[in-house]
Amino acid sequence: NERTYIMVKPDGVDRGLVGDIISRFEKRGYKLVALKLKLASEELLREHYADLAGKPFFNGLVAFIGSGPVACMVWEGKDVVKTGRRMLGETDPLKSLPGSIRGDYAIDLGRNVCHGSDSVESANKEIKLWFNEDELVNWNASLYKSIYE
Ligand code: GTP
Ligand code: MG
């Protein structure tokens with residue numbers, strides 16, 4: 001079953017948005033398989049954002065995401081990578097529709113509240129990077145018959 005890595009960034013944690021973001025994925029019908037709060041090291045963040053190394057905003061991005069706790073989670077379900085990105089909105093919050101997380105809660109590019117994997121390949125890489133195997137919980141949600149036909 002498809003999984004994605006969703007992370008509330010330090011701005012979102014500071015603003016008390018963790019519960020709301022978890023709630024959106026829960027209510028949509030996705031299954032939570034891992035969850036923790038973490039202060040990420042610079043090394044971990046450089047690896048997480050390796051695709052962006054060389055961009056002018058890279059050092060600032062790594063410094064900001066390491067400046068406070070992040071809430072790390074893995075969600076599972078049908079098409080969760082693409083749907084998770086749509087639930088987040090666009091990278092630029094001002095281009096994000098109301099109803100999306102960034103469209104409801106954010107204004108600036110560098111304070112866009114939440115991360116979501118951009119492909120199944122990225123999701124697999126990020127889940128391995130942020131979680132140990134024994135932190136991923138395999139379980140059966142009893143509501144599945146009400147969510148999937
Ligand atoms: P994530 O879900 O956080 O990975 O965002 P994204 O996939 O929508 O965007 P991307 O991976 O390209 O960039 C990662 C993060 O870097 C973004 O969420 C922004 O916070 C930041 N970022 C991206 N582009 C810019 C930029 O042009 N300027 C600044 N200041 N920050 C940027
Ligand atoms: Mg990205």
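Every number for a ligand or one of its atoms is a count from 1 in the order of the listing.
Ligand 1 has no N or O atom lying under 3.5 Å from any N or O atom of Glu90, backbone or side chain. Distances between N or O atoms of Arg85 and those of ligand 1 include at least one value under 3.5 Å. Below 3.5 Å of separation, one finds no N or O of Gly110 facing any N or O of ligand 1.
Near Asn112, with a cut-off below 4.0 Å to any heavy atom, the atoms of ligand 1 are 17 (C), 18 (O), 19 (C), 20 (O). Remark: ligand 1 atoms within the under-4.0 Å shell around heavy atoms of Tyr49 are 3 (O), 14 (C). Annotation for ligand 1: atoms under 4.0 Å from non-hydrogen atoms of Gly116 are 2 (O).
The shortest separation from a heavy atom of Lys9 to ligand 1 is under 4.0 Å, placing the residue in contact. Ligand 1 is approached by Leu109 to a heavy-atom distance shorter than 4.0 Å.
Val33 and Leu129 fall within a single hydrophobic cluster, where Ile, Leu, Val, Met, Phe, Trp and Tyr side chains are chained together by heavy-atom contacts under 4.5 Å.
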Please report, to 0.1 Å, the donor-acceptor pairs under 3.5 Å made by any side chain of residues 92-115, with sequence neighbours excluded.
unit_1 : atom_1 : unit_2 : atom_2 : d
Asp92  : OD1    : Leu94  : N      : 3.0
Ser96  : OG     : Glu90  : N      : 2.9
Ser96  : OG     : Glu90  : O      : 3.2
Ser96  : OG     : Asp92  : O      : 3.2
Ser100 : OG     : Leu97  : O      : 2.6
Ser100 : OG     : Gly103 : N      : 3.0
Arg102 : NE     : Asn112 : O      : 3.2
Arg102 : NH1    : Glu90  : O      : 3.1
Arg102 : NH2    : Cys114 : O      : 2.7
Asp104 : OD1    : Gly99  : N      : 2.7
Asp104 : OD2    : Arg24  : NH2    : 2.8
Tyr105 : OH     : Asp20  : OD1    : 3.1
Tyr105 : OH     : Asp20  : OD2    : 2.9
Tyr105 : OH     : Arg24  : NH2    : 3.4
Asn112 : OD1    : Lys9   : NZ     : 2.7
Asn112 : ND2    : Thr91  : O      : 3.1
Asn112 : ND2    : Leu109 : O      : 3.4
His115 : NE2    : Glu126 : OE1    : 2.9

- Could you check Lys125 against Tyr5 for side chain to side chain contact (heavy atoms under 4.5 Å, CB included), going step by step and ending with a plain yes or no? CA-CA 9 Å; Lys125 178 199 143 181; Tyr5 177 64; over 6 Å; no
- Task: Could you please spell out the steps behind the salt bridge (charged side-chain N to carboxylate O under 4.0 Å, His left out) verdict for Glu135 and Lys36?
- Result: CA-CA 9 Å; Glu135 293 177 300; Lys36 68 182 172 189; 3.2 Å; yes
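Across Met7, Glu126, His48, His115, heavy-atom proximity to atom 2 (O) of ligand 1 is greatest for His115. The residue among Phe57, Phe58, Phe64 with a heavy atom at the shortest distance from atom 22 (N) of ligand 1 is Phe57.
Contacts between Leu52 and ligand 1 below 4.0 angstrom, taking non-hydrogen atoms only, involve the side chain exclusively. Residue contacts with ligand 1 for Arg102 involve side-chain atoms from C-beta outward but no N, CA, C or O (heavy atoms, distance under 4.0 Å). Contact annotation: for Thr91 versus ligand 1, heavy atoms closer than 4.0 Å belong to both the backbone and the side chain.
The distance from the CZ atom of Phe25 to the OH atom of Tyr30 is 8.5 Å, given to the nearest 0.5 Å. Atoms CH2 and NZ, on Trp130 and Lys38 in that order, are 7.0 Å from each other to the nearest 0.5 Å. Annotation: the span from Thr4 atom OG1 to Ile127 atom CD1 amounts to 6.5 Å, rounded to 0.5 Å.
At most 12 heavy atoms of other shown residues, nucleotides or ligands fall within 6.0 angstrom of atom NZ in Lys82.
Note on residues 49-72: pairs passing side-chain hydrogen bond (donor to acceptor under 3.5 Å, both in side chains), not counting sequence neighbours, are Arg46-Asn59.
Scanning all protein heavy atoms for the shortest distance to atom 16 (O) of ligand 1 gives Leu61 CD2, 3.4 Å.
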